[in-house]
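Structure record follows, encoded as structure tokens.
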Amino acid sequence: MDSVRSFTDAVAVRNGRIIALGSATVEGIVTSQTEVVDLRGRLLLPGFQDAHVHPVYGGLQRLRCDLSASTDARDCLRRVGEYARTHPEAGWLLGAGWDLGHFPAGAPARESLDTVTGDRPAYLVNQDHHGAWVNTAALRHAGIDRDTPDPPNGRIERDAVGHPAGVLHEGATELVTRVIPAAAEDEYRQGLLEGQRYLHTCGVTAWQDAIIGPYLGYADTLDLYRDLDRQGLLTARCTGALWWDPTRDESQLADLLSRRARARGGSHFRAETVKIMQDGICENHTAAMLEPYLGGHGSGESRVDAEVLARAVRRLDDEGFQVHFHAIGDRAVREALDAVAGARQVNGMNDLRHQIAHVQVVHPDDLARFRTSGVAANIQARWAINDLQMTELTTPYLGRARASRQYPFRTMHQAGAVLAAGSDWPISGAEPLQAVHVAVNRSEHGTDQEPFLPQQALDLGDALAVATIGSAWVNHLDDETGSIELGKRADLAVLDADPFLLPPTEIGSVSVDMTVVDGNVVHECAR
């Protein structure tokens with residue numbers, strides 16, 4: 001993953017650094033004290049880096065009611081019922097991961113949840129983390145009824161006569177989260193440690209946590225990261241994106257500066273980035289579009305007014321913050337690019353490496369602007385497939401022309417944009433090799449899905465570079481990591497097979513045998 005994508009046949013590591021490449025050199029420095037790992041035809045890569053992930057949310061989901069493996073609505077309810085049965089001590093039933101595509105219009109009913117939860121309140125975040133499914137007891141605890149108005153930044157799904165139907169979109173979730181008892185500090189600690197353990201099994205050695213701040217009922221995790229870093233329990237290299245509160249104006253900059261300063265001085269965690277969520281998602285018509293959705297669903301929501309966004313980004317850029325945008329619709333992408341262009345005009349070019357995550361629908365006029373503005377495209381490759389969310393909840397409401405502009409990975413790459421890879425776990429799976437498989441095939445491994453816009457596929461080498469050196473670049477870690485080069489840190493991943501020797505349709509069959517950070521093994525598969 002160096003600039004010419006070269007291969008070598010041996011690597012030597014001493015004191016956490018790469019000191020030699022190539023068998024001719026490496027074999028000459030091997031001693032009786034050297035630990036030798038014979039790859040036996042396997043492939044060694046730089047450690048994967050996840051440029052947009054939520055390790056605490058993912059870890060907590062694995063510890064709570066995890067619905068991510070549900071196969072349909074019935075299976076989802078079965079899993080909730082099983083969790084309720086085996087956790088009689090839980091006052092609130094908390095969990096996440098249900099798939100919008102498993103329910104009509106992406107909106108399950110509270111009555112069906114009532115049948116498996118009884119009178120205990122339940123709050124279950126959806127797979128996209130842009131809404132939650134709640135039961136009647138939770139609505140009653142929160143005092144939500146047919147007379148409760150929608151909050152300015154959210155929507156209560158309602159039945160035919162106006163009663164809350166069971167799904168709360170975006171900021172409407174806060175109507176319930178404010179009455180959920182706060183989780184114990186130790187639960188968050190275990191959640192982050194579990195998230196880190198799991199990401200290491202996926203070959204991930206560094207990440208950017210895309211929300212550091214209170215969100216969707218989750219607590220602020222800044223001090224959690226700082227504490228684990230001080231205790232030496234963070235083995236990954238962690239970057240935090242401080243949450244920009246869309247309900248506040250630029251006066252929050254003072255708080256962000258203070259929080260950044262508090263995060264400095266650690267060895268494995270820093271927070272030099274600000275996360276701005278500019279819109280929602282296509283599936284519930286909250287992604288901000290230049291033209292309205294089909295079917296009378298409006299044109300989505302810009303969470304931050306474009307003029308306010310432009311001022312905020314100029315100030316953040318001037319203060320040395322990297323800005324990490326969430327932008328899915330073509331209007332949100334354009335507003336983010338316009339804001340960065342305005343900051344460049346006032347503050348000049350710099351090396352802050354602003355990035356736009358998701359980039360689902362990009363107008364053709366904006367494709368070249370990523371390169372000219374120095375903005376990276378942070379892609380979630382696993383979303384570029386013909387699944388139920390795409391075929392039932394997205395494409396019918398975008399129309400043929402806009403639907404053909406989704407996830408334009410190859411076009412952005414050819415236009416000179418830097419691409420980075422983010423899993424957005426637990427919203428989608430964390431395994432980088434599954435994302436690489438989709439980036440190359442535009443379909444999931446082991447399925448008979450028709451490839452989704454296959455002309456936007458990446459070559460294998462480019463897809464792996466996105467997940468290693470590309471993500472290291474946006475994480476400001478590329479000087480030290482992201483490629484196997486002399487002097488760089490020994491952050492490495494051993495795959496159980498060489499995907500370059502496999503048919504492209506079998507890339508997703510490859511897994512991770514070993515993960516190394518600073519020369520220390522943090523995961524090893526028992527075989």
Side-chain angles (χ1 to χ4, degrees), residues 53-103 106-142 157 164-170 172-184 186-195 197-198 211 214-219 221 283-284 389 423-430:
V53 66
H54 307 282
V56 182
Y57 304 170
L60 285 173
Q61 181 169 310
R62 290 173 65 85
L63 299 175
R64 293 175 173 177
C65 182
D66 186 357
L67 303 174
S68 58
S70 302
T71 56
D72 54 28
R74 179 176 295 182
D75 184 46
C76 183
L77 282 168
R78 180 192 65 77
R79 292 171 186 270
V80 176
E82 179 65 14
Y83 182 85
R85 185 185 66 80
T86 57
H87 292 79
E89 79 289 349
W92 278 72
L93 300 171
L94 304 176
W98 57 272
D99 189 332
L100 282 77
H102 290 160
F103 299 91
R110 59 183 168 85
E111 291 87 354
S112 59
L113 192 54
D114 292 344
T115 63
V116 296
T117 58
D119 202 41
R120 273 191 291 172
Y123 175 84
L124 304 170
V125 177
N126 68 24
Q127 187 180 59
D128 287 322
H129 277 60
H130 284 267
W133 184 13
V134 294
N135 64 0
T136 301
L139 292 168
R140 185 173 64 248
H141 272 268
E157 192 78 28
V167 171
L168 306 174
H169 299 284
E170 306 289 349
T173 57
E174 297 173 11
L175 300 173
V176 169
T177 59
R178 65 191 181 193
V179 301
I180 298 176
D186 187 61
E187 185 180 13
Y188 274 83
R189 174 188 174 91
Q190 294 305 316
L192 179 50
L193 291 174
E194 171 61 16
R197 185 202 65 78
Y198 180 67
I211 296 180
Y215 175 72
L216 214 65
Y218 294 107
T221 55
E283 291 86 347
N284 64 8
Q389 289 193 199
S423 69
D424 213 356
W425 182 64
I427 292 168
S428 46

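All figures in this text were calculated on a predicted structure; none of them were measured in a lab. For reference, positions follow the sequence shown, starting with 1.
Residue pairs meeting the salt bridge (charged side-chain N to carboxylate O under 4.0 Å, His left out) criterion with at least one partner in residues 112-140, sequence neighbours excluded, are Asp119-Arg140. Listed by first and then second residue, the salt bridge (charged side-chain N to carboxylate O under 4.0 Å, His left out) pairs that reach into residues 75-88 are Asp75-Arg78, Asp75-Arg79, Glu82-Arg85, sequence neighbours excluded. Legend: salt bridge (charged side-chain N to carboxylate O under 4.0 Å, His left out) pairs involving residues 93-103, not counting sequence neighbours: none detected.
To the nearest 0.5 angstrom, Leu139 atom CG is 6.5 Å from Arg110 atom CZ. Here Cys76 contributes atom SG and His102 contributes atom NE2; the two are 8.5 Å apart, rounded to the nearest 0.5 Å.
Scanning for ring-ring contact (aromatic ring centres under 6.0 Å, His included) contacts around Tyr83 gives His87, with sequence neighbours left out. Under the side-chain hydrogen bond (donor to acceptor under 3.5 Å, both in side chains) criterion, Thr221 pairs with no residue at all, not counting sequence neighbours. Legend: residues meeting salt bridge (Lys or Arg N to Asp or Glu O under 4.0 Å) with Glu194, ordered by chain and number and at least two apart, are Arg62, Arg197. With sequence neighbours excluded, the residues forming a salt bridge (Lys or Arg N to Asp or Glu O under 4.0 Å) with Glu170 are Arg303, listed by chain and number. With sequence neighbours excluded, the residues that form a side-chain hydrogen bond (donor to acceptor under 3.5 Å, both in side chains) with Glu157 are Arg155, His169. Residues passing the ring-ring contact (aromatic ring centres under 6.0 Å, His included) test with His54, sequence neighbours excluded: His52, Tyr57. Legend: residues meeting side-chain hydrogen bond (donor to acceptor under 3.5 Å, both in side chains) with Ser428, ordered by chain and number and at least two apart, are Trp383. Taking Trp425 as the reference, Tyr198 meet the ring-ring contact (aromatic ring centres under 6.0 Å, His included) condition, with sequence neighbours excluded. For Glu187, the side-chain hydrogen bond (donor to acceptor under 3.5 Å, both in side chains) criterion is met by Arg64, not counting sequence neighbours.
Shortest non-hydrogen contact noted between Trp92 and Ala122 is CE3-N, 4.4 Å. Residue Pro121 comes nearest to Gly91 through the heavy atom pair CD-O, 3.5 Å, listed as atom of the first residue, atom of the second, then distance. What you find for Thr86 and Pro88 is that their closest heavy atoms are C-CD, 3.3 Å. Scanning all heavy atoms of the two residues, the minimum distance from Leu175 to Arg178 falls at O-NE, 3.5 Å. Pro55 and Leu192 get closest at one heavy-atom pair: CB-CD1, 4.1 Å.
Annotation: side chain of Tyr123 is not in contact with side chain of His141 (no heavy-atom distance under 4.5 Å). At a threshold of 4.5 Å between non-hydrogen side-chain atoms, the residues His130 and Glu283 do not count as touching. Between Gln61 and His129 there is a side-chain heavy-atom pair separated by less than 4.5 Å. Contact of the Val80 side chain with the Leu67 side chain is registered, since non-hydrogen atoms from C-beta on lie closer than 4.5 Å. Side-chain atoms of Cys65 and Leu94, non-hydrogen and from C-beta on, never get closer than 4.5 Å to each other. Between Asn126 and Trp133, every side-chain heavy-atom pair lies at or beyond the 4.5 Å cut-off.
Side-chain N or O atoms of Asn135 include none that pairs as donor or acceptor with a backbone N or O of Leu113 at under 3.5 Å.
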*Assess whether side chain to side chain contact (heavy atoms under 4.5 Å, CB included) is satisfied between Leu60 and Tyr218, documenting all intermediate values.*
CA-CA 10 Å; Leu60 285 173; Tyr218 294 107; 4.1 Å; yes
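By the 30° and 60° cut-offs, the orientation of the rings of Trp98 relative to Phe103 is perpendicular.
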